[in-house]
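First comes the structure, then the notes that go with it.
What you see below is based on every heavy atom in this structure, not just the backbone, and it leaves out hydrogens, waters and symmetry mates. A quick note: this is a predicted structure, and the numbers were derived from the prediction, not measured.
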Amino acid sequence: MEITQQCVVALTWTLKDTLGEELDLLDEPIEFLVGGNDLLPPIEEALQGHTAGAELHLQIEPEQAFGDFNDQLIFLEPRHLFPLELEEGQLLEGSSLPVGCNPDAPKDALYHVTDIYPEHVVLDGNHPLAGIAIRISLKVESVREATEDEIGRGSSGNGFFRLQPVHAAQPGDESLH
């Protein structure tokens with residue numbers, strides 16, 4: 001079956017930065033809806049017309065993927081506002097930041113806890129890959145028609161580099177895929 005809009009592809013990949021450092025390895029196939037919200041547009045475009053077994057190598061610039069790094073999304077917050085169990089690497093929803101945090105912090109962002117100091121916590125609202133050009137080598141493992149449910153949701157249930165907030169994942173359990 002040829003890849004078109006509204007089909008599901010199972011992909012494996014290796015993701016690297018432009019210096020060749022491996023950022024993510026997906027060696028077990030995961031399904032993504034083409035024509036939904038699962039994949040970055042440059043990947044969807046490149047997949048069009050290919051079939052199972054195809055291997056593609058792409059370079060995707062920040063503006064086509066996760067945007068440029070925005071230093072206005074870095075916030076230094078008082079440590080005492082957060083629970084003692086807070087850990088570096090956790091994700092927090094902007095809408096659930098503790099009372100007393102900077103009111104300018106966008107409520108619709110996910111924040112990474114990047115550093116914890118005795119008096120302060122550093123929150124970063126940028127995607128972990130913001131500002132980074134990525135190189136992705138992917139393989140199409142299979143292609144199938146999407147179900148009506150998948151089309152209605154706009155997803156096969158997986159998003160490309162979707163990050164889950166802390167209430168949906170345990171610390172250190174968030175994934176790039």
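In this structure, Glu28 places its CD atom where only 12 or fewer heavy-atom neighbours from other residues, nucleotides or ligands lie under 6.0 Å away.
Nearest heavy-atom pair, Gly131 versus Pro62, reported as atom, atom and distance to 0.1 Å: C-CG, 3.6 Å. Nearest approach of Glu44 to Gly35, heavy atoms of both residues: OE2-N, 3.0 Å. Summarising the geometry of Gln59 relative to Ala133, their closest heavy-atom pair is NE2-CB, 4.2 Å, with the distance given to 0.1 Å. Closest non-hydrogen pair, Leu97 versus Ala105, comes out as CD1-CB, 4.1 Å. Taking every heavy atom of both residues into account, Ala46 and Leu56 meet most closely at O-CD2, 3.4 Å.
Under the 3.5 Å distance criterion, the side-chain polar atoms of Glu22 are left unmatched by any main-chain donor or acceptor of Thr14. Between the side chain of Asp124 and the backbone N or O of His112, no donor-acceptor pair lies under 3.5 Å.
Between the side chains of Asp38 and Ser155, a donor-acceptor pair is found at a separation under 3.5 Å.
By the side-chain contact (heavy atoms from CB on, under 4.5 Å) test, Ile151 pairs with Gln6, Ala146, sequence neighbours left out. Here Pro106 pairs with Leu73, Phe75, Asp108, Ala109, Tyr111 under the side-chain contact (heavy atoms from CB on, under 4.5 Å) rule; sequence neighbours left out.
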Test log, rule side-chain contact (heavy atoms from CB on, under 4.5 Å), inputs Val143 and His50: CA-CA 9 Å; Val143 182; His50 290 281; over 6 Å; no
Criterion side-chain contact (heavy atoms from CB on, under 4.5 Å) on Thr51 and Ile3, from CA distance to verdict: CA-CA 6 Å; Thr51 59; Ile3 298 172; over 6 Å; no
Stepwise side-chain contact (heavy atoms from CB on, under 4.5 Å) test for Gln48 and Val34: CA-CA 9 Å; Gln48 297 295 316; Val34 175; 3.4 Å; yes
Trace of the side-chain contact (heavy atoms from CB on, under 4.5 Å) decision for Leu123 with Val113: CA-CA 5 Å; Leu123 302 179; Val113 177; 3.9 Å; yes
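No single ILVMFWY cluster, assembled from side-chain heavy atoms under 4.5 Å apart, contains both Phe69 and Leu40. By the rule that hydrophobic residues join a cluster once side-chain heavy atoms approach within less than 4.5 Å of another member, Leu91 and Val122 end up as members of separate clusters. In the hydrophobic clustering of this structure, Leu76 does not group with Val121; members are Ile, Leu, Val, Met, Phe, Trp, Tyr whose side-chain heavy atoms approach within less than 4.5 Å, directly or through other members.
In this structure, NZ on Lys107 lies 12.0 Å from CD on Glu93, to the nearest 0.5 angstrom. Atoms CD1 and OG1, from Ile60 and Thr18 in turn, are 13.0 Å apart once rounded to the nearest 0.5 Å. With values rounded to the nearest 0.5 angstrom, Leu110 atom CG is found 12.5 Å from Gln90 atom CD. Asn70 contributes atom CG, which lies 5.5 Å from atom CG of Asn126 (distance to the nearest 0.5 angstrom). Atom-to-atom distance recorded for Asn102:CG and Ile74:CD1 is 12.5 Å, nearest 0.5 angstrom. For the atom pair CZ (Arg79) and CG (Leu86), the distance works out to 5.0 Å, reported to the nearest 0.5 Å.
Between Phe82 and Ile116 the shortest side-chain heavy-atom distance does not fall below 4.5 Å. Proximity of Phe66 to Ile132: side-chain heavy atoms (C-beta onward) are nowhere separated by under 4.5 Å.
Sorted by first and then second residue, the pairs that involve residues 134-145 and meet salt bridge (charged side-chain N to carboxylate O under 4.0 Å, His left out), not counting sequence neighbours, are Glu31-Arg144, Arg144-Glu150.
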